[in-house]
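For reference, the structure discussed in these notes is given below.
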Amino acid sequence: MHLAILSRNTKLYSTRRLVEAARRRGHKVKVLDALRCYMNIASSRPSMHYKGKELPRYDAIIPRIGASVTRYGTAVLRQFEMMGTFPLNESVAITRSRDKLRSLQLLSRKGIGLPITGFANKPDDIPDLIKMVGGAPLVIKLVEGTQGIGVVLAETQKAAESVIEAFMGLKANILVQEFIKEAGGADIRCFVIGKRVVAAMKRQGAEGEFRSNLHRGGSATLVKLTPEERATALRASQIMGLNVAGVDILRSDRGPVVMEVNSSPGLEGIEQATALDIADAQIEFIENRLNTGGLPENRTKTRGKG
Ligand code: ADP
């Protein structure tokens with residue numbers, strides 16, 4: 001196969017591992033920086049140019065599009081889709097997953113367990129917003145935050161009110177969420193490929209920290225999932241229309257609740273915690289899909305629902 005990886009940096013762990021895995025399986029692979037791809041979107045023959053040359057038609061493309069370049073990155077991916085290239089994750093599904101509000105609404109509609117979550121733009125009555133999600137303690141999150149930055153635990157009603165007011169004063173988009181105390185500062189990352197959860201790790205926050213992000217000093221270990229957790233992770237990725245997903249779950253008293261579905265899950269933490277070759281599993285998935293998927297237009301679930 002001839003593969004392309006959309007990634008801004010060939011040195012990133014996940015990109016390197018995917019290149020290695022593809023080559024080891026005997027494929028040709030090229031890393032492309034989406035921002036440097038350019039295209040004629042109104043042409044009847046969709047094509048893609050890069051550094052002064054027209055690119056060949058790739059059999060499959062692995063998008064590793066950073067959150068800050070989602071809009072242009074997914075447009076580039078869409079162009080490859082129009083050229084008949086199989087996307088490991090489709091542009092529509094990535095766009096969905098990058099919008100926290102839209103994702104949680106989609107998951108909720110299909111009955112996936114979620115922490116009670118409130119969204120607001122300019123509420124005139126903050127105490128009512130707090131009451132609506134069950135009162136303090138509450139987790140308040142910047143919608144655009146990553147790596148745990150902008151995730152605040154407000155233990156009392158007064159603290160919640162001030163934090164919400166402060167964020168709103170900065171015109172930040174926020175969500176207000178029930179605090180799942182019984183998760184004990186840990187969450188579970190389930191790595192889904194196709195119809196299987198291929199790996200799972202438990203991330204535990206540092207002492208006294210409710211956020212389990214590895215960037216915040218958390219540590220990761222292998223974890224055995226319950227059948228309910230496994231089923232929840234699979235359903236969540238299917239609802240989003242993702243072939244590859246990192247589904248983050250909290251263990252709550254009422255069962256697993258999904259916090260987020262990530263469409264570009266990193267490989268470093270999970271491969272180290274589980275000693276599994278997850279890059280190889282992704283290439284294998286592409287091989288199987290291309291061998292058995294029939295026509296390109298039948299290989300993805302969300303096509304045309306833009
Ligand atoms: P980010 O996307 O920035 O990593 P998250 O929403 O994943 O932000 O939150 C960071 C961490 O905070 C999570 O990994 C989890 O450990 C903890 N956390 C987030 N939301 C809740 C919640 N509602 N209840 C308990 N812990 C939470």
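Counting starts at 1 for both ligands and their atoms, in listed order.
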* To do: Give yes if a backbone or side-chain nitrogen or oxygen of A186 is under 3.5 Å from a nitrogen or oxygen of ligand 1, and no if not.
  =>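 No: no nitrogen or oxygen of A186 is under 3.5 Å from one in ligand 1.
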* Asked: For S212 and ligand 1, does the shortest N/O to N/O distance drop below 3.5 Å?
  ->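 Yes - when backbone and side-chain N and O of S212 are compared with those of ligand 1, one distance drops under 3.5 Å.
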Under a 3.5 Å threshold, yes or no: a donor from one side chain and an acceptor from the other, between [X] and [Y]?
X	Y	answer
R98	T70	yes
E81	S91	yes
Q177	T117	yes
S263	S97	yes

Return the closest protein heavy atom for [atom] as residue, atom name and distance.
atom	result
atom 24 (N) of ligand 1	I180 N, 2.9 Å
atom 3 (O) of ligand 1	G148 N, 2.7 Å
atom 6 (O) of ligand 1	K141 NZ, 2.7 Å
atom 21 (C) of ligand 1	L250 CD1, 3.8 Å
atom 2 (O) of ligand 1	E260 OE1, 3.2 Å
atom 17 (C) of ligand 1	F210 O, 3.6 Å
atom 9 (O) of ligand 1	V151 CG2, 3.8 Å
atom 4 (O) of ligand 1	N213 ND2, 2.7 Å

* Is K51 paired with D33 through a side-chain N to carboxylate O contact shorter than 4.0 Å? ->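 A salt bridge is absent here (no side-chain N lies under 4.0 Å from a carboxylate O).
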* Inspect the contact between D187 and K202 and indicate whether a charged nitrogen and a carboxylate oxygen are less than 4.0 angstrom apart. =>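 Here K202 does not pair with D187 in a salt bridge, since their nearest N and O are not under 4.0 Å apart.
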Element-labelled atoms of ligand 1 that are located less than 4.0 Å from some non-hydrogen atom of [X]:
X	result
F179	24 (N), 25 (C)
Q177	20 (N), 23 (N)
M259	13 (C), 14 (O), 15 (C), 18 (N), 19 (C), 20 (N)
D187	14 (O)

* Atom pair CG (N173) and CG (L101), whose distance is rounded to the nearest 0.5 Å ->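 Rounded to the nearest 0.5 Å, the CG-CG separation comes out at 9.0 Å.
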* Mind listing the closest non-hydrogen atom pair of L290 and M1 along with its distance? =>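 For L290 and M1, the tightest heavy-atom pair comes out as CD1-SD, 3.3 Å.
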Heavy atoms only, cut-off 4.0 Å: how does [X] contact ligand 1, side chain, backbone, both, or neither?
X	answer
R203	neither
E178	backbone
V139	side chain
R211	both

* Pair D59-R289, salt bridge (Lys or Arg N to Asp or Glu O under 4.0 Å): steps then yes or no -> CA-CA 11 Å; D59 298 303; R289 205 37 105 80; over 6 Å; no
* Same cluster or not: are V152 and L142 linked, directly or through other Ile, Leu, Val, Met, Phe, Trp or Tyr residues, by side-chain heavy atoms under 4.5 angstrom apart? ->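 Looking at the clustering, L142 is in the same group as V152.
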* Sequence neighbours left out, what passes salt bridge (charged side-chain N to carboxylate O under 4.0 Å, His left out) with E165? Give chain and number order. =>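 If we apply the salt bridge (charged side-chain N to carboxylate O under 4.0 Å, His left out) test to E165, skipping adjacent residues, there are no hits.
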* Could a heavy atom of D248 be found less than 4.0 Å from some atom of ligand 1? ->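 Distance cut 4.0 Å: D248 fails for ligand 1.
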* If you look only at pairs with a residue in residues 177-201, which of them pass as a ring-ring contact (aromatic ring centres under 6.0 Å, His included), with sequence neighbours excluded? ->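 Applying ring-ring contact (aromatic ring centres under 6.0 Å, His included) to every pair that reaches into residues 177-201, excluding sequence neighbours, yields F179-F210.
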